[in-house]
Amino acid sequence: MIDLFENENTGGREILGMEAFVLKGFALPIANELLAKIAFIQTLSPFRHMTTPGGHTMSVGLTNCGQLGWTSDRRGYKYSALDPATGNPWPVMPNEFLELAKSAASEAGFVNFVPDACLINKYIPGTKLSLHQDKDEQDLRAPIVSVSLGIPAVFQFGGFERGASTIKVPLFHGDVVVWGGVDRLRFHGILPLKPNSHSILGEQRINLTFRKASPFNSNNFNAF
Ligand code: MD3
Ligand code: FE
């Protein structure tokens, strides 16, 4: 049976905050190309479950592409140029990824976004991502762009303290979230995924998170 509601609505935007938006279906036109690139990336740097500083194994499976990749182990969180599982650089960020992140960011008012890190998270039913802030990046002026693929998830969008109230926002295949500026440090998370199946990805959700991880101008010693 064809599920007409797999992608919910396309084309609109939801306003989550002063500088936080969901661009509904923004990545749908190139979703299949994105999935083909992800299939290739995982042959070089496979998905793995990392350990948190607290000693827990993350239920999210992850890999990265781009100059820097987000990693976690008992010592803490950091961005690394090398995949600790292979010792090789992370796979190159495909141009389609870069262009999608740039155009989504500019659609939301953030011009000239050049991500150097793309975290690729894999969820299956039951996987969750607890409420947290993204604060391992040094240049907090850059926005973050997140692309949802596969089965739907409900994300929690909170305040600036863990205890603040949250709203729940469903994210579907092809949806893109952009947040930055005053909303950059909001707590957020993903509720445990419900059993579901997507026509292409099956019982999986894959999320691409584009970030600028390196500090301002660190790659341009002539800037000042
Ligand atoms: C941030 N990933 O990897 S991104 C992460 O879907 C991460 O895999 C999630 O958070 C994922 O660090 C969520 C989507 C998102 C949505 C709304 C937000 C992130 C947000 C609102 C404020 C801050
Ligand atoms: Fe996050």
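The analysis underlying the following values was restricted to heavy atoms, covering all of them including side chains, and did not include hydrogens, waters or symmetry mates. Both counts, for ligands and for their atoms, begin at 1 and track the order of listing.
- Heavy atoms of L16 found under 4.0 angstrom from ligand 1: none, in either backbone or side chain.
- At a 4.0 Å heavy-atom cut-off, ligand 1 touches L129 through the side chain alone.
- Using a 3.5 Å distance cut-off with no hydrogens or angles, the side chains of D73 and T51 do not pair a donor with an acceptor.
- Taking the ring centroids of W179 and F21, they lie at or beyond the 6.0 Å cut-off.
- Using modelled atom types and a 3.5 Å distance limit, the side chains of N196 and H198 yield no donor-acceptor pair.
- Heavy atoms of D134 found under 4.0 angstrom from ligand 1 belong exclusively to the side chain.
- In terms of N/O distances under 3.5 Å, ligand 1 is not approached by R184.
- Across the listed options W179, W70, F157, F155, W179 owns the non-hydrogen atom lying nearest to atom 19 (C) of ligand 1.
- A distance of 10.0 Å separates CD of E137 from CG of D139, quoted to the nearest 0.5 Å.
- Every atom of ligand 1 is numbered from 1 in the order shown, and the set under 4.0 Å from a heavy atom of V177 is 16 (C), 17 (C).
- For ligand 1, the atoms lying closer than 4.0 Å to a non-hydrogen atom of R205 are 6 (O), 8 (O), 11 (C).
- Each of the following atoms of ligand 1 lies closer than 4.0 Å to a heavy atom of H132: 5 (C), 7 (C), 10 (O), 12 (O).
- Residues D136 and K78 are not paired through a salt bridge, judged by the lack of any N-O separation under 4.0 Å between the basic side chain and the carboxylate.
- Neither the backbone nor the side chain of K122 comes within contact range of ligand 1; no heavy atom lies under 4.0 Å.
- Checking only distances, H188 does come within under 3.5 Å of ligand 1, N or O to N or O.
- Closest protein heavy atom to atom 3 (O) of ligand 1: N121 ND2, 3.0 Å.
- Distances from ligand 1 to the non-hydrogen atoms of Q156 include no value under 4.0 Å.
- In this structure, Q133 falls outside the shell of residues with a heavy atom less than 4.0 angstrom from ligand 1.
- R13 places none of its side-chain heavy atoms less than 4.5 Å from the side chain of V22.
- Applying the 4.0 Å criterion to heavy atoms of L119 picks out, from ligand 1, the atoms 3 (O).
- No side-chain heavy atom of K122 sits less than 4.5 Å from a side-chain heavy atom of L62.
- Take the Fe ion (ligand 2) as the corner point: the lines to NE2 of H188 and to OD1 of D134 open at 90°, to the nearest 10 degrees.
- Annotation for I124: atom CD1 does not count as buried by contact number, only 12 or fewer foreign heavy atoms lying within 6.0 Å.
- Using cut-offs of 30° and 60° on the angle between ring planes, the pair F210 and F97 is perpendicular.
- Between N207 and T209, the side chains place a donor N or O and an acceptor N or O closer than 3.5 Å (distance only, hydrogens not considered).
- In terms of N/O distances under 3.5 Å, ligand 1 is not approached by R186.
- Side-chain contact check for S148 and D175: no donor-acceptor pair (N or O, by modelled atom type) lies under 3.5 Å.
- The pair D83-R48 meets the salt-bridge criterion, with a side-chain N (NZ, NE, NH1 or NH2) lying under 4.0 Å from an Asp/Glu carboxylate O.
- What sits closest to atom 11 (C) of ligand 1 on the protein, heavy atoms only, is Y123 OH, 3.0 Å.
- Some N or O of R211 is nearer than 3.5 Å to an N or O of ligand 1, by distance alone.
- Geometrically, ligand 1 and S146 share no nitrogen or oxygen pair separated by less than 3.5 Å.
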